[in-house]
Amino acid sequence: MPQNPHPRLAGQFALVTGASSGIGAAVAVALAAYGAGVVVNYGHDLDGANATAKVITDAGGTALVIKADVSQEDQVQAMFKQAIEKFGTLHIVVSNAGIQVDSPFLDMTLAQWQKVIDVNLTGQFLCVREAAREFVRRGPQPEVSKALGKIICMSSVHEVIPWAGHVNYASSKGGIMQLMKSTAQELAPRKIRVNSIAPGAIATPINLSARDTPEEEKALLELIPYNRVGDPADIGELAAWLASDEADYITGQTIFMDGGMTLYPGFADGG
Ligand code: NAD
């Protein structure tokens, strides 16, 4: 983990869901590198969560591993309670955990639909709500953070790009967009900032099957004008900045970090 000489998140505490792998792990490591103590949440992968925590603590940071299924209200509430008992409060919550359960639409079962909505959308609702409740309970700490609290929802380019064969996933990300914007509108007067990061294709376990042959990798790169798959650390850096006072006037926005995937690359040669 890189040491940062100017810890812009010093004195703050963060919770990152789904931090046992991929983007969540990179976000947790980045927030810690900028000085935050971090709750590393995991759903089932304790080894992955411990590995994330080890990267943080080996670099001199503070990490607390907590298990919770984000789709279960009692588990989310117990996780926030445990985090607040340990750290005193939270200043940053990154609602990142997400899954794909893919199926052609005609064959999609209610269970496949419901599972993705439960984790990707209801899970975000539960975490955003608990975060906001804690920020309001704790009250301002202007010496630590200009905002009362910062919430980052991990969305996807599929909050705007339709995705055949992934209707449940795209619907969950479209839902996150309005969850984020509506809560941002409601909570802005309380000085709580709510934003989303919408990654394009980032090299993580969730999309391994879409890039595990050279042909698949080539097809994927045709969708990315910048001509590279993203690194989880790209998202980590953005999250650390978006959570900082440097981004204090940003709320209710989705920041696309996608190498140009949302630029309609099919029209690059005139359509
Ligand atoms: P990943 O599979 O590595 O990470 C998902 C994480 O969520 C894992 O740690 C997993 O254990 C956790 N998780 C799943 N269900 C959970 C539950 N019920 N409770 C708690 N944790 C749970 O994949 P990733 O790419 O790092 O995905 C992270 C987020 O980024 C997801 O919301 C995903 O939709 C989003 N995203 C990823 C990409 C990409 O290209 N990788 C693109 C756009 C959006």
Side-chain angles (χ1 to χ4, degrees), residues 9-21 23-25 27-32 34-57 61-99 117-145 147-154 176 179-180 182-184 186-187 190-196 239-240 243:
L9 302 178
Q12 301 194 40
F13 294 99
L15 183 153
V16 183
T17 66
S20 54
S21 66
I23 291 171
V27 168
V29 168
L31 296 179
Y34 285 98
V38 179
V39 175
V40 175
N41 159 256
Y42 72 100
H44 58 272
D45 180 9
L46 176 59
D47 290 346
N50 282 336
T52 304
K54 186 170 185 314
V55 173
I56 292 170
T57 53
T62 301
L64 173 66
V65 171
I66 305 182
K67 178 178 169 68
D69 177 340
V70 296
S71 69
Q72 302 300 312
E73 184 177 33
D74 56 341
Q75 294 186 35
V76 170
Q77 290 181 327
M79 170 172 67
F80 273 78
K81 186 164 180 287
Q82 192 184 334
I84 292 157
E85 278 169 7
K86 172 76 177 175
F87 287 150
T89 188
L90 292 165
H91 305 88
I92 301 160
V93 169
V94 182
S95 188
N96 164 81
I99 55 169
I117 297 298
D118 284 351
V119 175
N120 293 14
L121 187 54
T122 305
Q124 296 241 6
F125 158 69
L126 292 170
C127 292
V128 171
R129 190 188 61 178
E130 292 313 305
R133 284 176 173 172
E134 170 54 17
F135 301 156
V136 170
R137 181 203 67 80
R138 183 240 305 136
Q141 289 182 333
E143 68 289 0
V144 174
S145 164
L148 190 70
K150 288 75 61 109
I151 295 168
I152 298 174
C153 300
M154 202 56 68
I176 287 169
L179 170 69
M180 179 276 290
S182 300
T183 50
E186 187 164 339
L187 298 174
R190 295 180 180 271
K191 295 278 176 287
I192 296 173
R193 297 195 292 113
V194 191
N195 293 288
S196 286

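Interatomic distance, Phe135 CZ to His91 NE2, rounded to the nearest 0.5 Å: 8.5 Å. Annotation: the span from Glu130 atom CD to Phe125 atom CZ amounts to 8.5 Å, rounded to 0.5 Å. To the nearest 0.5 Å, atom NZ of residue Lys150 and atom NZ of residue Lys191 are 13.5 Å apart. Between the CG atom in Leu31 and the CZ atom in Phe13 there is a gap of 13.0 Å [rounded to 0.5 Å].
Residues Ile152 and Ser196 have side chains not in contact (no heavy-atom distance under 4.5 Å, counting atoms from C-beta outward). Between Leu15 and Val40, the closest side-chain pair of non-hydrogen atoms is not below 4.5 Å. The side-chain heavy atoms of Ile151 and Ser95, taken from C-beta on, include no pair separated by under 4.5 Å. Contact annotation: the side chain of Arg138 approaches that of Leu148 to within less than 4.5 Å [non-hydrogen atoms, C-beta and beyond]. Under the 4.5 Å side-chain criterion, counting only non-hydrogen atoms from C-beta, Val38 is not in contact with Leu64. You'll find the side chain of Thr52 stays beyond 4.5 Å of the side chain of Val65, heavy atoms only. Counting heavy atoms from C-beta on, the side chains of Arg137 and Ile84 come closer than 4.5 Å. Under the 4.5 Å side-chain criterion, counting only non-hydrogen atoms from C-beta, Ile92 is in contact with Leu9.
A donor-acceptor pair is defined here as one N or O able to donate and one able to accept, closer than 3.5 Å; no such pair exists between the side chain of Thr122 and the backbone of Ser71. Listed for the Asn96 side chain is a donor-acceptor partner under 3.5 Å among the backbone atoms of Gly18. No donor-acceptor distance shorter than 3.5 angstrom exists from the side chain of Gln124 to the backbone of Cys153, with no hydrogens or angles considered.
Sorted by first and then second residue, the side-chain hydrogen bond (donor to acceptor under 3.5 Å, both in side chains) pairs with a member in residues 38-50 form an empty list; sequence neighbours excluded.
Looking at Val39, Val93, Leu126 one by one, the single match for side chain to side chain contact (heavy atoms under 4.5 Å, CB included) with Phe80 turns out to be Val93.
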Next on the checklist: Would Lys67 and Gln75 count as a side-chain hydrogen bond (donor to acceptor under 3.5 Å, both in side chains) here? Give the steps.
Outcome noted: CA-CA 8 Å; Lys67 178 178 169 68; Gln75 294 186 35; over 6 Å; no
